[in-house]
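Report on one structure; see the data block that follows.
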Number of protein chains: 2
Amino acid sequence: MSVTLHDVARAAGVSIKTVSNVINDYPHVRADTRARVHEAIEQLGYQPNLSARSLRSGRTGAIALALPELSLSYFAELADSVIEAAERVGQFVIIEQTGGDRERELQLLSSWRRKMTDGLIFSPLGMGMDDAAHLDVAYPLVLLGERIFDGPTDHVTMRNVEAARAATEFLIARGRRRVAIVGAHEGEVIGSAGLRLRGYLEALEAAGIPYDERIVVHTTLWHRANGATAMRELLARDVEFDAVFGFNDTLALGAMRVLQVAGYRVPEDVSVIGFDDLDEAMYSLPSLTTVNPGRSEIAEVAVRSLTERIEANGDTEVPPRLHLAQFRIVERESTATA
Amino acid sequence: MSVTLHDVARAAGVSIKTVSNVINDYPHVRADTRARVHEAIEQLGYQPNLSARSLRSGRTGAIALALPELSLSYFAELADSVIEAAERVGQFVIIEQTGGDRERELQLLSSWRRKMTDGLIFSPLGMGMDDAAHLDVAYPLVLLGERIFDGPTDHVTMRNVEAARAATEFLIARGRRRVAIVGAHEGEVIGSAGLRLRGYLEALEAAGIPYDERIVVHTTLWHRANGATAMRELLARDVEFDAVFGFNDTLALGAMRVLQVAGYRVPEDVSVIGFDDLDEAMYSLPSLTTVNPGRSEIAEVAVRSLTERIEANGDTEVPPRLHLAQFRIVERESTATA
DNA sequence: TTGAAAGCGCTAACAG
DNA sequence: CTGTTAGCGCTTTCAA
């Protein structure tokens, strides 16, 4: 069958321990022995058996990334970044899609499938604050997103409040006073929608602009269709507004489309800003100003934290850490001023 | 540490063989013994050690999916479908990104990372027909895409020629005679661009419309920016056209944007059709008519083929198979007729 | 129908 | 500096 340590050892005229030492760069091996072993490895095309190594070491070399679905561009781009970051530290990434369903998210946390990986990077959507206790699992876990705070695990996410405030202030600084919101969630305090709304309110207050709930449109899902529907609803309300802050790019793009169809010019009549800095925001018509929430930093830090926890092997005293990535506003055509 | 077969066996008062039999639904186990074992498993919260199982069985339970990058919506949606299909047959999916780079694609084929998985679903972009021999690997491999045909492996892909022909005929049937192409590749015969161009030519010929190379724009990359650039180039050529066939949705969307900025109305002045049926095609302004190439069927069949090859354990006589998925045209606003 | 025991390929403790 | 050896937890002959 396949070439094993024994074959290499025999070919090099040493014991398997020596071969093992060479492979794991154990320092105390004579240079010529090492060379001989390397040659044998080369010659025989030896590749270590990862299952055996896993069985022995208790590590699989893989981490899981659980997210709602890859068809949502935000998560696809997040996965891209996580895979890249993981590759740099020599880890494989297994992706699990939850569909944003709370039940599936809970199941996933205790599934036998966890056994296949050394740890989990988890971006829940259905679970909420009340489910924090479910995150107290026996394996390394890093939490992403805004569904649960103060949980028992490391948490890596974005500065939602500050970023949303900055986005709103960006519009106000350009003379807009009636900034409509697309994507608010009824009564939500925590969660992306709740936090971004808070940032919006802070910006209004700082600028002395009164809050007008008539220009805040609620929509549970954040797909483009919902942005479009929300904008139709806003237009039907027949209240004045001169800017739109979509709580993500997809919503903003959907809303922008309806605005244009209705005869509004963007940015002349209405400025539009999004959130996420998806690739497509760069190519819309007009191109979309948006908030880059620091996705690659989030991926990088999440993988690093998880790796640390894995290496600490559960017996570290480092308490749960919270990391907030740096955001920045990416200015494009949809908020250009004349 | 963790609960093992031995623990379960002891708790149930049987040998580990019996427990193993129960777990693998080996038929010849007395009902009450089986019940006792199940109870013990439940009680102890036993979960099998996948590494040990892998070491013994030679299977990891994971398959790899290699693709250019998840940031490209087409591949993100493909990955989504593949993960779903794999989950249905109890397999994990490890994603590897190649960036579409030939060197990395070749490396990937013989990487030690292959050892982590039972097989590979491979969607190359940099490799070409001349590299077919590299696909002759010792593990189960299913090829996707149009870079290599008649290779030594199973191949699952779309009906590019027929679909492109149908798309062109769709435009012609709606009275368009000057169908511009965005995304052709200079001198390419095989590959998505080459095949789709062939379908286009077939449609023209069947309709008795002469080919005019002045309305065919070449662009190597298929991002939105390239569609935009291509359309600017086409407009600069100052030749007449009344329709655009973007060789993928992203190109079509980029081209459509430039068209609109230039003052053309879509679909009144120019109809636009794309290829891929990405989610976003549904929400553009106007919504984009496109070809649905049968992505979920491709994923489904790819996973099934690979699983069969894995189970056949290399010693089957089934020759390489080619499966072409069913396509269909999705009609939307960008080709509406007055 | 169930039990005993031999490895799968590797790592690491222990000797030498 | 290098060799011997005992498992990691599981599947699977071979016996009973």
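Note on naming: letters A, B, ... go to the chains in the order of the sequence lines (proteins, then strands), and numbering restarts at 1 for each one. The shown structure was predicted, so the numbers you read here are calculated from the model rather than taken from an experiment.
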Side-chain donor/acceptor pairs under 3.5 Å, residues 6-19 of chain B, sequence neighbours excluded:
residue, atom, partner, partner atom, Å
B:D7, OD2, B:T4, N, 2.8
B:S15, OG, B:K17, N, 3.2
B:K17, NZ, B:N21, OD1, 3.1

Counting C-beta onward and ignoring hydrogens, is there a side-chain heavy-atom pair between B:F75 and B:S73 closer than 4.5 Å?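 Not touching, per the 4.5 Å side-chain cut-off.
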
What nitrogen or oxygen pairs link the protein and nucleotides 5-7 of chain D at under 3.5 Å?
residue, atom, partner, partner atom, Å
D:dG7, N2, A:R56, NE, 3.4
D:dG7, N2, A:R56, NH1, 2.6
D:dG7, N3, A:R56, NH1, 3.4

Under the rule for side chain to side chain contact (heavy atoms under 4.5 Å, CB included), what residues qualify as partners of [X], not counting sequence neighbours?
| X | value |
| --- | --- |
| B:I310 | B:R59, B:I63, B:Q91, B:D118, B:P140, B:L306 |
| B:L135 | B:L109, B:F122, B:M127, B:L141, B:L143, B:I148, B:P152, B:T153 |
| A:L324 | A:T157, A:R159, A:L322 |
| B:S54 | A:S51, B:T60 |

Starting at [atom1] of [X] and ending at [atom2] of [N], how long is that distance when rounded to a whole Å?
| X | N | atom1 | atom2 | answer |
| --- | --- | --- | --- | --- |
| B:L5 | D:dC8 | CG | C1' | 13 Å |
| B:R59 | C:dC8 | CZ | P | 18 Å |
| A:R36 | D:dG3 | CZ | P | 9 Å |

In residues 43-55 of chain B, which residues come under 4.0 Å of DNA chain C by heavy atom?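 B:L55 - these, ordered by number, are the residues of the stretch whose heavy atoms sit under 4.0 Å from the strand.
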
Determine which pairs satisfy side-chain hydrogen bond (donor to acceptor under 3.5 Å, both in side chains) with at least one residue from [range], sequence neighbours left out, and list them in order.
| range | result |
| --- | --- |
| residues 295-311 of chain B | B:E77-B:R295, B:R88-B:E300, B:D154-B:R309, B:E297-B:H323, B:E308-B:R321 |
| residues 119-137 of chain A | A:R102-A:D131 |
| residues 32-41 of chain B | B:R30-B:D32 |

When you check the phosphate oxygens OP1 and OP2 of C:dG3, does a side-chain N or O of B:T18 lie under 4.0 Å from one of them?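 Looking at the OP1 and OP2 atoms of C:dG3, one of them is under 4.0 Å from a side-chain N or O of B:T18.
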
Please check the phosphate of C:dT11 (OP1 and OP2 only) for any side-chain N or O of A:S20 closer than 4.0 Å.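 So the side-chain polar atoms of A:S20 do come within 4.0 Å of the phosphate oxygens OP1 or OP2 of C:dT11, strictly under.
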
Considering residues at least two apart in sequence or located in another chain, which fulfil the ring-ring contact (aromatic ring centres under 6.0 Å, His included) criterion with A:Y139?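 Here no residue qualifies.
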
Sugar-phosphate only, base, or nothing, as touched by B:T4 at under 4.0 Å among non-hydrogen atoms: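 Contact class for B:T4: sugar-phosphate only.
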
Identify whether any heavy atom of A:S57 sits under 4.0 Å from a base atom; if not, whether one sits that close to sugar-phosphate; answer base, sugar-phosphate or nothing.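 No contact at all - A:S57 keeps every heavy atom at 4.0 Å or more from the nucleic acid.
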
Taking CG in A:D150 as the centre, count heavy atoms belonging to other residues, nucleotides or ligands within less than 6.0 Å. Is the count above 12?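 At most 12 heavy atoms, drawn from other residues, nucleotides or ligands, come within 6.0 Å of this atom.
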
How large an angle, rounded to 10°, do the end axes of the helix from C:dT1-D:dA16 to C:dG16-D:dC1 enclose when each is built from five base pairs?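 For the helix from C:dT1-D:dA16 to C:dG16-D:dC1, the axes at opposite ends meet at about 40°.
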
